[in-house]
Protein chains: 2
Amino acid sequence: MAERANDDEVLDRAEKAAADIRSSIISGHFTPGSRLSEQALGVALGVSRNTLREAFRMLTQEGLLVRRPHAGVIVAVPSLASIIDIYRVRRMIEGQALRGAPPRHPAGRALAAAVDTAVAAREAGDWAAVGTANMEFHRAIVALADSARLDRVYANISAELRLAFGIIDDPEYLHAPYVDRNASVLRAHAEGRSGDAADELDAYLIQSERTLLAAYARGDRDVH
Amino acid sequence: MAERANDDEVLDRAEKAAADIRSSIISGHFTPGSRLSEQALGVALGVSRNTLREAFRMLTQEGLLVRRPHAGVIVAVPSLASIIDIYRVRRMIEGQALRGAPPRHPAGRALAAAVDTAVAAREAGDWAAVGTANMEFHRAIVALADSARLDRVYANISAELRLAFGIIDDPEYLHAPYVDRNASVLRAHAEGRSGDAADELDAYLIQSERTLLAAYARGDRDVH
DNA sequence: CAGGGGAAGTTGTTGAACGATCTTTCGTGT
DNA sequence: ACACGAAAGATCGTTCAACAACTTCCCCTG
């Protein structure tokens, strides 16, 4: 009864609906600012309004949706403030995780695997895959901290971040520069130079943030 | 648009139900491990099952409730791992917030106010109020980081922490030692000695964690 | 063309219903 | 007496239909 430990892949319908909506948002199928009708979406996903509302509640808490009382939910529109905030949290969490990472931590393998995947995807010119691998790299960094709560926080932030990435259309421009940087961070970490790894990552994140903010200021964002 | 969080006091019924349940858990009225029946609670709170389920969903994501499929929700039982994790996250967030706190930040006033309140409550022997003031002190520390997302994360962690505090019956033992420590941290912060403030806080949190873990190991926890 | 006033559409919430699944009880066999 | 298993009972998961409260949109008026 107590020693199950494995996360049952049994998602209930509300969770499945939430996952569907989440991926639709991240993939850009639902653009920021667009309205999600309970009835229409419920029919489309094959769930009842009540169940769909539970899914909305989850995604709202994740910051992907915004509820306006009696006026429906809309896909959250990334703001300058939210981008800045997300990167501030990322630098804090990832930096500390990397700095305090114990050697030979299991997540280290995930780190290396993510870099390999990204490099392979780059060769293949599959920039979307490069982006996914890069995100996985950062998830693995956070996993180094061995904190279930931090993992959860980061999962939420990742989703919001992907939403913000949507304001840049060119995935190569968005993800390509970081593959080698990831490899460099990984190397420093693997060689036990935690401080260097963290410092590199910090500079890396600052540049990434700047790129996003510049695109935002340039007005690349979807004009809902 | 950034200065005042316009917290509309307009909570829908699900949010109100969640708030009720949350305070019942924190106040110890619902003890860890106890089961919350949808029908019974719905009647007690005057909401329908569907609405109550939305509340459950929120509290589950906050870590206060645990859902067992087809077997109802129970109040989360703090575990050694969760206590350790919570304190790890606290040290990370509060430490960084304090270290990087800009001088004359608005939250500084909240910090001072919390200390004053705690001191007054101690004089009055109102240990519950001391506890609340202490929690507020830490909330204010996190607010120094100026991050909406961090604030939200910390709010969740606070609720879980209060749940864990429930394993110690003696609120004086639990909260009294930290009033003066808070004052000391505040002083260091106010005088611009951010590093000292953060270091003091770190030692403080380690002791607090140790106290909790000791109580847990001693078996003070509720034997549901 | 601006503003006001419905009309129509959506959300918020409830109650009932039914299948699916967990718990408890009860009986049986050793 | 105790372990084991099966049926009964209780509860959850989900849907549907309904209605009030509220928003949004469109049309009408000045």
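The separation between B:I74 atom CD1 and D:dC12 atom C1' is 15 Å, rounded to whole Å. In this structure, B:N50 places its CG atom 16 Å from P of C:dT11, rounding to the nearest Å. When rounded to the nearest whole Å, the span between CG of B:L41 and P of D:dT11 equals 13 Å. Rounded to whole angstrom, the span from the CZ atom of A:R13 across to the P atom of C:dG19 amounts to 15 Å. Rounded to an integer number of Å, the gap from B:R53 CZ to C:dT13 C1' is 15 Å. Taking atom CD of residue A:E54 and atom C1' of nucleotide C:dG12, one finds them 14 Å apart after rounding to whole Å. We find that CD of A:Q39 is positioned 11 Å from P of D:dA17, with the value rounded to whole Å.
Of the residues near DNA chain C, B:R35 and A:E38, the one whose nearest nucleotide (by heavy atom distance) lies more toward the 5' end is A:E38. Heavy-atom distances to DNA chain D give each of A:S48 and B:V73 a nearest nucleotide, and the one nearer the 5′ end belongs to B:V73. Checking B:S37 against A:T51, the closest nucleotide of DNA chain D that is more toward the 5' end is the one next to B:S37.
Note on A:G42: nothing from the nucleic acid sits closer than 4.0 angstrom, heavy atoms only.
No side-chain donor-acceptor contact under 3.5 Å links A:S208 to the backbone of A:Y204. Counting only distance, with no hydrogens or angles, the side chain of B:R152 and the backbone of A:Q61 share a donor-acceptor pair below 3.5 Å. For the pair B:R88 (side chain) and A:D146 (backbone), a donor-acceptor distance under 3.5 Å is present.
Contact annotation: the side chain of A:R57 approaches that of B:E15 to within less than 4.5 Å [non-hydrogen atoms, C-beta and beyond].
Checked against a 6.0 Å centroid threshold, the rings of A:H138 and A:Y154 do not count as neighbours.
In terms of phosphate contacts, A:R49 brings no side-chain nitrogen or oxygen within less than 4.0 Å of OP1 or OP2 of C:dT10.
In the region residues 55-72 of chain B, proximity to DNA chain C at under 4.0 angstrom, judged on heavy atoms, holds for B:P69, B:H70, B:A71.
Salt bridge B:E136/B:R139: present, at least one basic N to carboxylate O contact under 4.0 Å.
Residues meeting the salt bridge (charged side-chain N to carboxylate O under 4.0 Å, His left out) test with A:E209, sequence neighbours left out: A:R91.
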